[in-house]
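Accompanying notes for the structure given below.
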Amino acid sequence: MSSLLSYKNYSGTVEYSKEDKCLYGKVIGVKSLLSYKGNSVEELEADFQSVIDEYLKECKERGVEPEQSYKGSFNVRISPELHRTLAIYAVEHGKSLNAVVEEAIGNMVG
């Protein structure tokens with residue numbers, strides 16, 4: 001099981017470098033490369049938060065919107081047969097296709 005850091009609606013990985021004998025990670029869900037490291041969990045968390053704070057500060061100074069790690073929208077490729085089955089299910093249950101997919105995913109991970 002892997003662990004993630006979380007701060008101000010951003011998440012980041014936690015990994016270990018055997019060669020460097022340190023913890024490191026990167027912010028996930030954004031195109032910008034935001035990485036951090038530390039020699040302890042406390043240092044890693046502090047650097048992670050510092051990277052997020054610095055990123056948000058730079059965005060504000062440049063007058064650009066910071067990337068949101070997850071917008072709630074993504075493309076999914078499935079077989080035509082499954083697409084058809086889901087569409088029929090949605091109609092039969094008076095739901096949108098998006099609602100059916102969200103419910104199915106929620107049942108899987110929730």
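This structure is a prediction, so every number in the text was calculated from the model and none was measured.
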Notebook entry, point to check: Can V76 and V101 be said to form a side chain to side chain contact (heavy atoms under 4.5 Å, CB included), step by step?
Noted result: CA-CA 10 Å; V76 177; V101 171; 5.6 Å; no
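Side-chain atoms of Q49 and Y7 include no donor-acceptor pair closer than 3.5 Å.
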Under 3.5 Å, sequence neighbours excluded: what are the donor-acceptor pairs made by side chains of residues 28-38?
{"unit_1": "S32", "atom_1": "OG", "unit_2": "E67", "atom_2": "OE2", "d": "2.8"}
{"unit_1": "Y36", "atom_1": "OH", "unit_2": "T13", "atom_2": "N", "d": "2.9"}
{"unit_1": "Y36", "atom_1": "OH", "unit_2": "T13", "atom_2": "O", "d": "2.7"}
{"unit_1": "Y36", "atom_1": "OH", "unit_2": "K26", "atom_2": "N", "d": "3.4"}
{"unit_1": "Y36", "atom_1": "OH", "unit_2": "K26", "atom_2": "O", "d": "3.4"}

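Remark: the backbone N or O of S79 is not paired with any side-chain donor or acceptor of H83 at under 3.5 angstrom.
Annotation for E65: atom CD does not count as buried by contact number, only 12 or fewer foreign heavy atoms lying within 6.0 Å.
By the 4.5 Å heavy-atom criterion applied to side chains, V14 and L4 are not counted as neighbours.
For the atom pair E61 CD and K57 NZ, the distance stands at 5.0 Å (nearest 0.5 Å). Taking NZ of K8 as the start and OG of S11 as the end, the distance is 14.5 Å to the nearest 0.5 Å. Atoms CG and CD, on L56 and E58 in that order, are 10.0 Å from each other to the nearest 0.5 Å. Distance check: S50 OG to Y55 OH gives 15.0 Å after rounding to the nearest 0.5 Å.
Under the 4.5 Å side-chain contact rule for hydrophobic residues, V41 and V27 share a cluster. Both L82 and I105 are assigned to one and the same hydrophobic cluster, defined by single-linkage of ILVMFWY side chains at heavy-atom distances under 4.5 Å.
Residues meeting the side-chain hydrogen bond (donor to acceptor under 3.5 Å, both in side chains) test with E43, sequence neighbours left out: none.
Applying the salt bridge (Lys or Arg N to Asp or Glu O under 4.0 Å) test to pairs two or more places apart or on separate chains, those with a residue in residues 75-102 are K95-E103.
The two residues K21 and Y16 come nearest to each other via the heavy atoms CA-OH, 3.7 Å.
Residue L23 forms a side-chain contact (heavy atoms from CB on, under 4.5 Å) with just one option from L44, N39, D47, and that option is L44.
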